[in-house]
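Here is the structure we will look at, set down as structure tokens.
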Amino acid sequence: MSEPEMNLTDLSALGEFGLIDFLTKNIQTKNKSTIKGIGDDAAVIEPSPDKLTLVSKDLLIERIHFDMMYTPMKHLGYKAAVVNFSDMAAMNGIPRQIVVGIGVSSKFSVEALNEIYDGIKKACEVYQVDFVGGDTTSSEQGLFISVTVIGEAEKNSIAYRSGAKPNDLLCVSGNLGAAYLGLLILEREKKVFEANPKMQPDLSNNDYVLERHLKPEARTDIVKLLNEKGVVPTSMIDISDGLASETMHLCKASNTGCIIYEEKIPIDQQTYDLAKEFGIVPSVAALNGGEDYELLFTISQNDYEKIKDVQDISMVGYMTDASEGQQVISNDNQSFELKAQGWDALKKREV
Ligand code: ADP
Ligand code: MG
């Protein structure tokens, strides 16, 4: 898992300005709302008059949010950008610009930072986002990456967490739990490696879950699809902490209860098989595993026909009156209280 030996350049060799120039060369802007990108004291943005501007930030800290031992630098950059794009999608908006702050210790090389920037630039290319500025500073220890994203949404279609009503359908994009299983595999192989550095990590046959963890995607495609279908979610959130926790956020903000059906939770086959291998109930991984970055949203029942045939959207339950609480109906038809962490009752049950 360690990088092959090669000649690496100390950050001090370029100096701050040289480094910024090196990392940001060839960055071009493409969105019409971007008037001025990197190179002045501030970027200049002209939002569309008929839209509202969205702003969000995510801060990633080495050893808290990522482990340098098994995180390829390019993926780290990609992920740092994409998790912010996901926040725009979660508002039913589209990301347009990012600003990136980097704090970096002298143990990192110019080449390593360049890899991170390649990842960020790649994400910007894929999602048509302009990289318009940043700040660079040294840190005493470790790596910090702070990404601020600016996006836009139609005035009348912003999806807040607070808009769900009883009887609205609870929907989720894609499938859940995969990123968590990817993390478990990486953690397992790290332990093997630490115990015996001569052992090669066994990452074979687990491509899908590893990619879901290392290189997540933001569901801006779902935002576009809902828009095409004329559906405005009544509430929405992106799933960074598991279905249970995010559903509870929607319920709390909207003052509703909910019912989720275990059998309706979308789980990919590889995730399912690996969960079994790790001795975890697959739906527990989906409910409590993090970082899938899928969208969780509610729609009015009137909109059901418009999206019922979309393969990539699953209806997992519906919202209820707050007094009915937050419940999961298990495959064997028992009712459990939805909990954000550890679903003991189901964990103990053999599935
Ligand atoms: P200031 O002294 O005003 O903070 P800087 O020298 O830090 O200016 O930045 C010069 C230009 O380079 C600005 O446009 C800034 O947004 C951009 N920039 C600085 N650091 C980064 C970075 N890590 N990534 C992208 N752009 C950066
Ligand atoms: Mg600066």
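Since the model is a prediction, treat every value here as computed from it, not as a measurement. As the structure lists them, so they are numbered: ligands from 1, and atoms in each ligand from 1.
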K25 charged N/C atom sitting above F22 aromatic ring, 6.0 Å / 45°: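 Yes, a cation-pi geometry.
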
Hey, does K252 have a side-chain heavy atom less than 4.5 Å from the side chain of Q326?
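Answer no - side chains too far apart.
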
Inset, instruction - Select one of side chain, backbone, both or neither to describe which atoms of I20 lie under 4.0 Å from any atom of ligand 1, heavy atoms only. - result: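 Under 4.0 Å from ligand 1, I20 contributes side-chain atoms alone.
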
- For ligand 1, which part of D40 has a heavy atom less than 4.0 Å away: the side chain, the backbone, both, or neither?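 For D40, the contact with ligand 1 is made by the backbone alone.
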
Check your understanding: For the ring pair F85 and Y293, is the centre-to-centre distance below 6.0 Å?
Key ->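 That pair fails the under 6.0 Å test.
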
Could you check Q97 against T34 for side-chain hydrogen bond (donor to acceptor under 3.5 Å, both in side chains), going step by step and ending with a plain yes or no? CA-CA 8 Å; Q97 289 90 14; T34 309; 2.8 Å; yes

Numbering as shown, the atoms of ligand 1 that approach [X] to under 4.0 Å (heavy-atom distance):
X: G133; answer: 16 (O), 25 (C), 26 (N), 27 (C)
X: F17; answer: 6 (O)
X: T136; answer: 20 (N), 21 (C), 22 (C), 23 (N)
X: V100; answer: 22 (C), 23 (N), 24 (N)
X: I38; answer: 12 (O), 14 (O), 17 (C), 25 (C), 26 (N)
X: D41; answer: 3 (O)

Q. Counting only heavy atoms not in Y160, do more than 12 fall under 6.0 Å of its OH?
A.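 Atom OH in Y160 is not packed in, count stays at 12 or less.
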
**Message:** Would you say that more than 12 heavy atoms from the other residues, nucleotides or ligands in this model lie under 6.0 Å from the NZ of K306, or not?
**Reply:**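 For K306, atom NZ is crowded (more than 12 foreign heavy atoms under 6.0 Å).
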
ask   = To which of G39, S146, G37 does the heavy atom nearest atom 14 (O) of ligand 1 belong?
value =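 Looking at heavy atoms only, the winner is G39.
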
Note: D292-R212 ion pair, threshold 4.0 Å (strictly below) =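 R212 and D292: salt-bridged.
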
